[in-house]
Amino acid sequence: GSFSRNSYSTSSALGINILFVLWCAMASVPFFVAVASKASPERGLAFRDFVTALDPMWKPPCYRYCNKLLMVLYECAYEQLKTDLQGIMAELGNACFSLQLDLWTSAGQDSYGALCLTYITSTFELKSIMLACREFPESHSAVQIAQWIEETLLFFGLSVTNIHVV
């Protein structure tokens, strides 16, 4: 079904809603802060006024709609990245990536890990892709780190055989 709940133009509303959700995600702005609501009318008034000045017909989507749209956008980006990685391997060879790993513990004692994939294109451009930046719930032992890396690579259709340097 359509994501738009606006009547004036489904494609226009969907385009604005996609940009709104991406802006919230990329700027780390929660949806409820960006949009004034009945429960908290003072929040988001300046943003609402700004958007209304640009397009008086657009109404901010609800929180559930934003979450659903964000998940659809994520799934599209995830599938595109998997396809891109397969294309890179076809062009450059199977073991054409290097990995950079960073593990840390927050002040609240929560452990996190970030895994970046780096490669050089056939035109000698250096490219990096962050595959993961998420909680690392296990101890930072070599076995746990290797398992976390392998699980992350597998999630993207890769394996350790695709990695040349760590």
Side-chain angles (χ1 to χ4, degrees), residues 1-92 97-108 110-137 151-158:
S2 173
F3 277 103
S4 176
R5 64 186 181 97
N6 300 319
S7 60
Y8 66 101
S9 169
T10 301
S11 62
S12 176
L14 180 58
I16 293 171
N17 288 342
I18 288 171
L19 292 174
F20 170 72
V21 168
L22 290 174
W23 174 77
C24 288
M26 295 176 81
S28 298
V29 176
F31 302 126
F32 67 86
V33 172
V35 179
S37 66
K38 291 178 184 175
S40 184
E42 69 283 352
R43 290 187 173 170
L45 288 176
F47 178 80
R48 186 199 63 205
D49 292 345
F50 170 72
V51 173
T52 300
L54 295 175
D55 187 344
M57 298 292 293
W58 184 75
K59 302 292 183 232
C62 71
Y63 177 78
R64 272 184 265 174
Y65 169 89
C66 290
N67 280 342
K68 185 177 179 182
L69 182 56
L70 185 59
M71 288 308 300
V72 169
L73 292 171
Y74 168 79
E75 288 296 325
C76 291
Y78 167 70
E79 291 300 327
Q80 184 62 53
L81 178 56
K82 282 179 41 178
T83 300
D84 291 349
L85 291 171
Q86 295 303 314
I88 293 164
M89 289 188 299
E91 179 184 355
L92 301 177
F97 300 113
S98 69
L99 288 179
Q100 297 81 48
L101 173 70
D102 189 13
L103 299 173
W104 69 95
T105 303
S106 71
D110 297 315
S111 294
Y112 295 93
L115 188 63
C116 288
L117 192 72
T118 301
Y119 63 98
I120 298 174
T121 68
S122 59
T123 58
F124 302 103
E125 294 177 76
L126 182 64
K127 300 282 185 171
S128 291
I129 303 166
M130 180 172 287
L131 294 181
C133 185
R134 58 185 167 89
E135 192 170 8
F136 188 93
E151 289 171 358
T152 302
L153 291 173
L154 184 61
F155 185 73
F156 288 95
L158 302 170

Atom pair [atom1] ([X]) and [atom2] ([Y]), whose distance is rounded to the nearest 0.5 Å:
X      : Y      : atom1 : atom2 : result
Leu81  : Leu85  : CG    : CG    : 4.5 Å
Ser106 : Glu135 : OG    : CD    : 9.0 Å
Leu92  : Thr121 : CG    : OG1   : 7.0 Å
Leu131 : Cys116 : CG    : SG    : 7.5 Å
Asp102 : Leu115 : CG    : CG    : 10.5 Å
Leu54  : Ile16  : CG    : CD1   : 8.5 Å

Open item on the list: Using side-chain contact (heavy atoms from CB on, under 4.5 Å), reason through Ile88 and Phe97 one step at a time and then give a plain yes or no.
Closed with: CA-CA 9 Å; Ile88 293 164; Phe97 300 113; 3.7 Å; yes
Are [X] and [Y] packed together at the side-chain level, in the sense that at least one heavy-atom pair is separated by less than 4.5 angstrom?
X      : Y      : value
Leu117 : Met130 : no
Ser128 : Tyr119 : no
Gln86  : Met89  : yes
Leu158 : Leu154 : no
Asp110 : Thr105 : no

Open item on the list: Checking Asn17 against Tyr65: is there a side-chain donor and acceptor pair closer than 3.5 Å?
Closed with: yes
Task: Pair Thr118, Gln100: side-chain N/O donor-acceptor within cut-off below 3.5 Å - done: yes
Task: Glu79 side chain vs Tyr74 backbone, donor-acceptor pair below 3.5 Å - done: no
Task: Full working for side-chain contact (heavy atoms from CB on, under 4.5 Å) between Ile129 and Asp84 - done: CA-CA 11 Å; Ile129 303 166; Asp84 291 349; over 6 Å; no
Task: ring-ring contact (aromatic ring centres under 6.0 Å, His included) assessment of Tyr112 paired with Phe136 - done: CA-CA 5 Å; Tyr112 295 93; Phe136 188 93; 10.0 Å; no
- [ ] Search all heavy atoms of Trp104 against all heavy atoms of Gly113 and return the closest pair with its distance.
- [x] CZ3-C, 4.1 Å
Task: Atom NZ of Lys127: over 12 foreign heavy atoms under 6.0 Å - done: no
